[in-house]
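One structure below.
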Protein chains: 2
Amino acid sequence: MRYKPGYKQEKRKELLQISGQLAKQQGFAATGVDGFMKAAGVTSGAFYSHFSSKHELLKALVEAELQQSLAMWQENPHDDPADWIEFELNRYLNLSHVQHADRGCVLPALASEVARSEDDVKQLYQQELLRGHALFTRHLGCEIKAWGVLCQLVGAITLARGMADESLQKQIIESSKTFLKANL
Amino acid sequence: MRYKPGYKQEKRKELLQISGQLAKQQGFAATGVDGFMKAAGVTSGAFYSHFSSKHELLKALVEAELQQSLAMWQENPHDDPADWIEFELNRYLNLSHVQHADRGCVLPALASEVARSEDDVKQLYQQELLRGHALFTRHLGCEIKAWGVLCQLVGAITLARGMADESLQKQIIESSKTFLKANL
DNA sequence: GTCTATACGCGGATAGAC
DNA sequence: GTCTATCCGCGTATAGAC
């Protein structure tokens, strides 16, 4: 056998990692299978030995990316609620996150594409988002506030990314941060 | 001459109206020129006598749609700040807006596509959004709050549209509304 | 101003060699 | 498991008739 056992699983993980970056940056629909695979250093033919269709890639991507976001939220070292949320706001609401979607959270990056996808993709997105909401609720002590913060985070990044001027991007995310800090 | 003077201008307006609905529903990139024109009852050939390219259509669309949103905000009949904002929250944050993107605000519908577009589209988007922000600032008496509300509105609709279950869509927008009302 | 026809490239997916 | 080659459909854009 020319390939070690376990190789396929590792390769799949690598493909998801690289495809995720590309999808968040350029958009999933806007990127061809060729583009995803070229970024990973293989050809489109190899793609279909890992995923049965492009749609399956989207599902795998949504799942992997959201679990990654969840993992980051869980790695927050603070216990005190005020410290915990301040840490998250600073990590999420900054210029680097606005300008480097490829390294950022999948929620704002692929939200509209998920919204326009089949139900199975939305089910996955919903399921993982609910885990995130539960996590925020634990730290904020309130379900309403948890949704409020999540919406605010996604909205701020989404709006800021549509701005042409960096100064305005900064104004939006800083205002959003100030607004949240004043209301938690 | 087989066509009345002024006809072209009217037709262009009609094309923008119908294309706007389709773009907000299916996505701008995901819809072909054929699709836009078929919805308007003409063929793709006719398209190019109104717009020089698909990219020009996007620019015209962003401008027309944002001005329409701005107009709706200006039609709010209330003077009292609390009444004014409550009216807007109820109009924006409801299930119908989540489920019928074609009749809804362009901000959440095309945000990601604008973010991934050329600079000229972003400039337009930015310019019109700033007018909206100025309007909200006048009624809320605070620039920070104005950005906070705008981000919250966009984020809530964006997230809710990715949910598979209607009950969860409702939970998100109602939570977002409650969160805002408690903090203004 | 709108139509039909068409050129041309890209994207998704499959077949078969290695 | 990955490669090259290829089929086929769709999308942007243009040319020329009416």
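Here is how names work: the chains are called A, B, and so on, in the same order as the sequence lines, proteins then strands, and each is numbered from 1. Keep in mind that this is a model prediction, so the values were computed, not measured.
Taking atom CZ of residue Phe51(A) and atom C1' of nucleotide dT2(D), one finds them 15 Å apart after rounding to whole Å. If you take CD of Gln26(B) and C1' of dG11(D), they are 14 Å apart, rounded to a whole angstrom. The separation between Tyr48(B) atom OH and dT14(D) atom C1' is 9 Å, rounded to whole Å. Put simply, NZ on Lys54(B) is 15 Å from P on dC10(D), counting in whole angstrom units. Between Glu10(A) atom CD and dT2(D) atom P there is a gap of 12 Å when expressed in whole angstrom units. Going from atom NE2 of His55(B) over to atom P of dA13(D) covers 11 Å, rounded to whole Å. In this structure, the CG atom of Asp34(A) is 11 Å from the P atom of dC3(D), given to the nearest Å. We find that CZ of Phe36(B) is positioned 11 Å from P of dG11(D), with the value rounded to whole Å.
A donor-acceptor pair is defined here as one N or O able to donate and one able to accept, closer than 3.5 Å; no such pair exists between the side chain of Glu128(A) and the backbone of Leu66(A). Between the side chain of Arg161(B) and the backbone N or O of Val114(A) there is no donor-acceptor pair closer than 3.5 Å.
Judged as a side-chain contact (heavy atoms from CB on, under 4.5 Å), and not counting sequence neighbours, the contacts of His78(B) are Asn76(B), Asp83(B), Trp84(B), Phe87(B). Residues satisfying the side chain to side chain donor-acceptor pair (under 3.5 Å) test with Asn94(A), not counting sequence neighbours, are none. Evaluation of the side chain to side chain donor-acceptor pair (under 3.5 Å) rule for Arg131(B) yields no partner, not counting sequence neighbours.
Under a hydrophobic clustering in which Ile, Leu, Val, Met, Phe, Trp and Tyr are joined whenever their side-chain heavy atoms come within less than 4.5 Å, directly or via other members, Tyr92(B) and Met72(B) fall into different clusters. Hydrophobic clustering (ILVMFWY, side-chain heavy atoms < 4.5 Å, transitive): Leu130(B) and Val154(B) are in one cluster.
Minimum atom distance to the side chain of Ser49(B) is reached by dT2(C), of the listed dT2(C), dT12(D), dA13(C).
Close to dT2(C), at under 4.0 Å from its OP1 or OP2, lies a side-chain N or O of Tyr7(B). Here His50(B) reaches the OP1 or OP2 of dT2(C): one of its side-chain N or O atoms lies under 4.0 Å away.
Note on the helix from dG1(C)-dC18(D) to dC18(C)-dG1(D): terminal axis deviation equals 0°, with five pairs used at each end and the result rounded to 10°.
Listed by first then second residue, pairs satisfying salt bridge (Lys or Arg N to Asp or Glu O under 4.0 Å) with a partner in residues 17-33 of chain A read Lys24(A)-Glu65(A), not counting sequence neighbours.
Screening Val98(B), Leu153(B), Leu159(B) for a side-chain contact (heavy atoms from CB on, under 4.5 Å) with Ile173(B), the sole residue that qualifies is Val98(B).
Contacts of Thr31(B) with the nucleic acid, taken as non-hydrogen atoms under 4.0 Å apart, involve only primed sugar atoms and P, OP1 or OP2.
The stretch residues 37-47 of chain B has no heavy atom under 4.0 Å from DNA chain D, so no residue of it qualifies as close.
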